[in-house]
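One structure is given below, encoded as structure tokens.
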There are 2 protein chains.
Amino acid sequence: MNITLDDIARRAGVSRATASRVINNHPHVNPAVRERVWQAIRETNYQPNLPARSLASRRSQVIGIIIPQPIHTLFADPYFPLLIEGIAHVCNERQFSIMLDLATTTDGDPYRHLGRRGFLEGAIVASAVEDQFLLQWLAQETIPVVSVGRITSQQAIPFVDVNNRHGARMLVEHLIGQGYRRIATITGPMNIVAGRDRFAGYSDALHAAGLPVMSELVVEGNFSEQSGFTAMQTLLRLVPIPDAVFAASDMMALGALKALRAAGLSVPGDIGLAGFDDIPLAAAMTPALTTVRQPIGELGQTAARLLLDRLATDSLAPVTQRVMLPTELVIRDSCVRQR
Amino acid sequence: MNITLDDIARRAGVSRATASRVINNHPHVNPAVRERVWQAIRETNYQPNLPARSLASRRSQVIGIIIPQPIHTLFADPYFPLLIEGIAHVCNERQFSIMLDLATTTDGDPYRHLGRRGFLEGAIVASAVEDQFLLQWLAQETIPVVSVGRITSQQAIPFVDVNNRHGARMLVEHLIGQGYRRIATITGPMNIVAGRDRFAGYSDALHAAGLPVMSELVVEGNFSEQSGFTAMQTLLRLVPIPDAVFAASDMMALGALKALRAAGLSVPGDIGLAGFDDIPLAAAMTPALTTVRQPIGELGQTAARLLLDRLATDSLAPVTQRVMLPTELVIRDSCVRQR
DNA sequence: CAAAACCGTGAAAGCGCTTTCAGAGGGAAG
DNA sequence: CTTCCCTCTGAAAGCGCTTTCACGGTTTTG
């Protein structure tokens with residue numbers, strides 16, 4: 001019923017093997033023959049059968065994206081869409097398909113063994129909370145994995161990351177330079193490397209300036225707007241309140257801003273505010289948010305390239321690659337010390 | 001190297017056929033044998049090879065979700081995540097995987113023929129702009145498709161939808177009941193049925209009340225917050241300005257609200273505002289938004305069930321099913337006529 | 001000018017599963 | 001005691017492709 005490679009071969013007067021070579025762009029095929037085969041393909045509008053191809057070649061041309069978070073939280077923050085877009089861009093170029101593992105992100109069995117089952121050739125894992133499921137999966141899975149952001153306990157996994165610590169430090173040093181002294185921070189989740197690193201950068205800057213890190217000024221969030229709102233409310237109960245706040249993500253900064261507004265405080269008039277990520281929204285906020293830019297799309301592209309390059313070279317050597325992308329301080333209006 | 005079904009069969013002392021029967025829960029297998037096979041599977045931690053299974057059975061257990069929009073717009077609105085979540089829920093229950101076709105939503109070839117290529121067993125298409133690509137794809141693809149929202153020109157496609165027209169009418173009648181007379185609307189895209197229907201409901205309500213539909217009071221948006229903002233700015237240039245605005249999506253209502261605030265107008269003090277969708281944000285806005293609730297998650301679940309049921313019955317008869325889900329008027333604080 | 005290298009091609013052997021078919025055995029029906 | 005019909009099982013034939021191997025023919029090399 002469906003057109004198969006045999007049909008094409010017969011139509012072009014060649015063997016199945018040759019037809020396969022043409023489709024896969026293998027060398028050593030007479031140009032005239034090559035053209036005959038292509039013509040047959042065009043005439044019949046032939047579409048190769050993917051499962052058959054996967055079975056025979058052991059390559060599915062599909063990679064998975066694994067983000068261990070509920071799907072709605074996943075899309076509340078523009079970070080992930082931008083990351084995925086970067087990945088998708090590279091995958092499209094190289095004719096790979098992407099499977100967003102939604103089972104992981106909803107209520108299904110997390111981490112079904114799509115790799116061992118021959119479905120995925122590789123996977124990109126992002127924003128990895130180091131939970132038991134993830135580690136178990138990584139241990140059992142046999143396909144190449146690239147991580148966006150490091151996973152502490154799995155040093156063998158290639159990753160692409162930004163220098164969170166350095167970026168955060170630059171930012172907080174900027175705050176100190178503006179004259180702020182009682183600087184609070186709303187951190188990311190401390191079970192994620194990015195969360196810990198940005199906090200470390202905050203500490204670094206304070207230490208370097210001879211300022212103490214006071215635990216009352218440190219509140220843990222989870223990168224979401226809501227958590228930023230709540231954390232800010234906590235900070236506002238301090239006496240005196242902080243004179244500036246470094247939120248470890250722009251979305252948390254947004255939440256914090258809303259809490260400040262609700263409390264009748266103005267930014268930067270009454271209190272300075274800074275974020276991290278430089279999502280598009282940051283520039284559009286009032287006041288425009290001072291933040292640290294991380295090249296999110298590039299992060300995705302790089303991760304995809306790392307993975308696809310690895311898949312292309314059949315060398316089984318575990319190429320442990322690490323790529324660090326630079327961050328950049330973006331100074332806007334949300335933390336200007338008023339005299 | 002990898003464990004195959006043959007290994008399992010040998011280990012359990014049965015034929016490959018029997019092992020396959022056990023795995024697929026076929027009847028007519030001796031319980032004792034069944035248990036032996038399961039034990040072998042457990043002991044070896046066997047994972048069946050998916051491509052091989054697809055090839056042999058012609059069923060991949062994967063469905064596609066196709067939303068013909070750039071990925072970042074896709075996630076700016078909570079509508080799609082909620083829809084996807086609904087679909088994912090049902091798919092997880094039935095051991096199906098979901099492929100979010102990101103090639104469609106980014107810059108790749110839209111609509112690769114994943115179905116004809118044996119990769120997808122079925123597809124759900126949502127928010128379908130009736131462009132040439134979509135129609136061409138629908139014409140060529142041979143797998144079952146279910147649509148969320150109708151596609152005018154393709155009446156044969158089963159769909160699940162809400163009664164947009166009726167919902168919009170109820171809402172606008174509520175506005176009229178509040179005493180508003182100069183009621184503007186920011187419509188959805190008019191090349192999508194939902195956009196046209198909500199506008200039709202608006203017209204219905206005005207006609208029924210003997211009010212004219214004035215073209216200056218109708219501005220087309222595209223469901224996005226940004227478009228709501230822009231459209232509201234347009235409406236604010238009218239003299240006099242409208243006394244109420246019906247935005248055909250909550251996100252557009254949010255955009256409109258921001259434009260009103262920027263113009264120094266208060267809602268509902270100076271102007272009434274209403275939306276459509278009842279996304280979680282609607283209740284959280286200040287003022288809380290009066291809107292029309294559509295059961296987004298249920299929409300996704302129903303679509304998935306329709307598709308999966310269809311796949312389960314091998315009957316080739318094109319079962320054209322239509323499901324309409326109810327909408328509900330949700331009255332909050334954004335359009336209360338002040339006396 | 002023989003040997004070696006290379007090019008272009010087809011036959012055939014799988015990849016790991018599902019599914020049909022046939023058959024053995026046992027109990028119920030005639 | 002046949003005949004028929006279940007239940008359970010294995011052999012075998014694919015599903016549609018890739019890839020190895022072998023082989024003739026043509027070039028290049030020493």
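Numbers restart at 1 for each chain; the letters A, B, ... are given by sequence-line order, proteins then strands. In this text, all values refer to a predicted model and were calculated from it rather than measured experimentally.
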Whole-Å distance separating the CG atom of A:D6 from the C1' atom of C:dG10: 13 Å

Heavy-atom side-chain contact between A:L138 and A:I151 under 4.5 Å: yes

Any residue meeting side chain to side chain donor-acceptor pair (under 3.5 Å) with B:E35, in chain and number order, not counting sequence neighbours: B:R42

Strand contacts (DNA chain D) in residues 11-21 of chain A, 4.0 angstrom heavy-atom criterion: A:R16, A:A17, A:S20, A:R21

Between D:dC15 (C1') and B:R59 (CZ): distance, integer Å: 15 Å

Any donor-acceptor pair under 3.5 Å from A:N24 side chain to A:H26 backbone: no

Near-strand residues of residues 28-42 of chain A, defined as heavy-atom separation under 4.0 angstrom from DNA chain D: none

Main-chain N/O of A:I41 paired to A:R11 side chain as donor or acceptor, under 3.5 Å: no

B:S60 side, atom OG; B:R117 side, atom CZ - distance, nearest 0.5 Å: 14.0 Å

B:Q61 CD to B:I98 CD1 distance, which is reported to the nearest 0.5 Å: 12.5 Å

Distance, rounded to the nearest Å, where B:Q61 contributes CD and C:dC17 contributes P: 15 Å

Candidates C:dT19, D:dT19, D:dC17 - which lies nearest the side chain of A:L5: D:dC17

Approximate separation, where rounding is to 0.5 Å, of A:D161 CG and A:R150 CZ: 4.5 Å

B:R322 charged N/C atom sitting above B:F159 aromatic ring, 6.0 Å / 45°: no

Whole angstrom value for the distance that separates P of D:dT19 from CG of A:L55: 12 Å

For atom NE2 of A:H26 and atom P of D:dC17, their distance in whole Å: 15 Å

Selection: residues 43-54 of chain B, any non-hydrogen atom under 4.0 Å of DNA chain D: none

Separation of D:dC17 P from A:N24 CG (nearest whole Å): 11 Å

Pairs meeting criterion salt bridge (charged side-chain N to carboxylate O under 4.0 Å, His left out) with involvement of residues 14-26 of chain A, two or more places apart: A:D6-A:R16

From CA spacing to verdict: ring pair (Phe, Tyr, Trp, His ring centres under 6.0 Å), B:F119, A:F119: CA-CA 10 Å; B:F119 199 92; A:F119 199 91; 5.8 Å; yes

Residues B:L306, B:V323; criterion side chain to side chain contact (heavy atoms under 4.5 Å, CB included); working and verdict: CA-CA 9 Å; B:L306 235 51; B:V323 177; 4.1 Å; yes

Distance in Å, A:T18 OG1 paired with A:I23 CD1, rounded so as to fall on 0.5 Å steps: 11.5 Å

Smallest separation among heavy atoms of B:G13 and B:R36, with atom names: O-NH2, 3.8 Å

Short side-chain N/O contact from B:R58 to OP1 or OP2 of D:dG16, under 4.0 Å: yes

Axis-to-axis angle between the two ends of the helix from C:dC1-D:dG30 to C:dG30-D:dC1 (five base pairs per end, rounded to 10 degrees): 40°

